[in-house]
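Below is one structure; the comments refer to it alone.
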Amino acid sequence: MHGLISLATFLVNEILSQPAYLVGLLTAAGLIALKKSAGQIVGGAIKATLGFLLIGAGAGLVVSALAPLGGMIQGATGAHGVIPTNEAIVGIAQAKFGARVAWLMILGFAVALLLARFTPLRYVFLTGHHILFMATLLTMVLATSGQTSVIVVLVGGLLLGILLVVLPAFAHPWTKRVTGNNSIAIGHFGTAGYVLSGAAGRLVGKRSRSTEDMKLPEGLRFLRDSMVATALSMVLIYVIMSLVYLAKAGRATAFKAFATGGGTPAADLGNYAMHSVMQGLQFGIAVAVILFGVRTILAELVPAFQGIAGRLVPGAVPALDAPIVFPYAQNAVLIGFLASFVGGLVGLGVLTWAFHPAFGLALVLPGLVPHFFTGGAAGVYGNATGGRRGAVVGAFLNGLLITFLPALLLKVMGAFGKENTTFGDADFGWFGTLIGNAAKAGSTGGIVLMLVIGGVLLGAAVLFQKRVVDTGWDPGAARDALRPETSSGGISSEPSGADTALPASRTYGKIAPPSGAPTPPPPPSPEAD
């Protein structure tokens, strides 16, 4: 038994929880299924792995660049509370629930593959670290509610597997609106925010111009380069916040802000100012690395996935991490980040003024990392259906979601609710709260309620797939009717006959991706071997 636990722990910690290895292996499997040469298999698998490592490297740079800014904001505003950080709460929980998390994750991934194979929900969730995070959350809320280890693994694994195919399905009409085809899906537990953002964009931005279609004065044309615009914006934010923090905290404290994460404190006022400038520039580099990683992995994974789709899960669609949509509307990423962060600040104010005194909800500080990744993606989804207004309003609503939902989640996490951190993305909040409260109904009642929740989600997703996704419903069709012209980052007048995943009789308006955005190749013709 100990050997089996060790094997399961190794598979989870060293392979399945590492998205780079997982995607590399799946790419190799797809290339093998396509009967590629050994050199092509090895090369494709390595490039796909490197693509995910590039995304991870960029994410690490984002975290490092944002860490001092987070301390400045907290010091300048005087806010104290919980900072949502998925990695931190997972690390805390692993010490107590490691074995159960391992088995739950393996079972959940197996259930997801079976559902993808035998239901209309042909999505394979490839974001390995998010699978680990959700497995940990389910283990925590089930175990702290008093459920036995067997129930934790069996029921939790079933719920995890259902969630891995259900969420990509619910988001897929909006994802197709972003990418213009059916070759990828979103596999990230911020899905509720992306769907809400896309729906909000559809309501508020029918005539709003795309974020990628901004007209800049001649002297500001350099801002059309997304890397330059992102870096400059963050430099301005850093400099402003550093000056506010300096005025409130004083030199002795403010100069230590840049010592976060092994950095060196500022030596004097000039050095302090230049530290702020450098951190903003580092953020621009981080975003560029992430985008390059996305393009690298798509170039290898999507063709290889045709092999997996044809052999293991016919018609499978890979569900990938949130940055996969960033290249399709790069201005919207920055706009979404800023709007989501503002939403987080507004949500924190509402918690402080109303919900904390009335209901005892924790004060959830706006974590810059979740606001960047989920807010940026929400901006892309909002822009796809509602242009600039959609990007701003949709990402703002996402910011509110990832402020209020973590506060509710803390109520079902038992002793872990007293930690200074929690899960940050929207789906952890609503699903964890729902399952945690259901699990408290007792041994038998809790199991029944949780299985009913899983069954309802699965049934609703299958119905949604058949009635909405497969019929080619386009959430931006009304926008296309009002703005039929074709422009850079705007609306494409090309019919959706190019989308071979849809029936030939369907039409589908598409958002034209910006120059350099990944454009996955069409699937092979039915006659192809």
Side-chain angles (χ1 to χ4, degrees), residues 57-81 83 85 214 216-292 326 330-346 348-349 365-373 375-376 379 392 395 399:
L61 291 173
V62 166
V63 172
S64 298
L66 293 179
L69 183 59
M72 290 178 181
I73 292 174
Q74 185 171 349
T77 61
H80 296 279
I83 302 177
T85 308
M214 293 180 177
L216 298 175
E218 188 65 29
L220 297 177
R221 291 185 66 86
F222 68 94
L223 292 178
R224 293 183 66 87
D225 188 315
S226 62
M227 184 169 65
V228 173
T230 300
L232 180 59
S233 300
M234 288 306 298
V235 166
L236 292 175
I237 292 172
Y238 244 114
V239 170
I240 292 171
M241 288 307 307
S242 66
L243 293 177
V244 173
Y245 184 51
L246 177 65
K248 183 167 185 177
R251 293 192 178 191
T253 301
F255 285 2
K256 296 178 182 178
F258 295 104
T260 303
T264 57
D268 52 40
L269 187 59
N271 187 241
Y272 178 73
M274 293 312 297
H275 264 76
S276 300
V277 172
M278 182 57 70
Q279 288 298 107
L281 295 175
Q282 291 286 351
F283 185 87
I285 293 173
V287 174
V289 171
I290 290 174
L291 293 176
F292 182 69
F326 285 7
Q330 298 178 30
N331 292 340
V333 174
L334 179 60
I335 292 172
F337 164 50
L338 297 176
S340 181
F341 184 74
V342 171
L345 291 175
V346 172
L348 175 61
L365 301 181
L368 292 176
V369 173
H371 279 289
F372 172 71
F373 286 106
V392 172

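Just so you know, residue 1 is the first one in the sequence shown, and it goes up from there. The model shown is predicted, which means the values in this text are computed figures rather than measured ones. Excluded from the calculations below are hydrogen atoms, water molecules and symmetry mates; all remaining heavy atoms, backbone and side chain alike, are included.
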Any residue meeting side chain to side chain contact (heavy atoms under 4.5 Å, CB included) with S242, in chain and number order, not counting sequence neighbours = M72, Y272, S276
Quick one: closest heavy-atom pair of N271 and P265, and the distance?
-> OD1-O, 4.2 Å
N/O donor to acceptor pairs below 3.5 angstrom from side-chain atoms of residues 333-343, sequence neighbours left out:
from, atom 1, to, atom 2, distance (Å)
S340, OG, H371, ND1, 2.8
S340, OG, N398, ND2, 3.2

Any chance you could lay out the side-chain contact (heavy atoms from CB on, under 4.5 Å) test for L281 and L232, step after step, and finish with the verdict?
-> CA-CA 7 Å; L281 295 175; L232 180 59; over 6 Å; no
Measure the acute angle between the ring planes of H275 and F258, then classify it against the limits of 30° and 60° as parallel, tilted or perpendicular.
-> tilted
Inter-residue atom distance M234.CE - M241.CE, 0.5 Å rounding = 11.0 Å
Go through the structure and list residues passing side chain to side chain contact (heavy atoms under 4.5 Å, CB included) with A249, not counting sequence neighbours.
-> Y245, T253
Can you name the nearest heavy-atom pair linking G375 to A395, along with the distance?
-> O-CB, 3.9 Å
Atom CZ in F283, atom CG in L61: separation rounded to 0.5 Å?
-> 10.5 Å
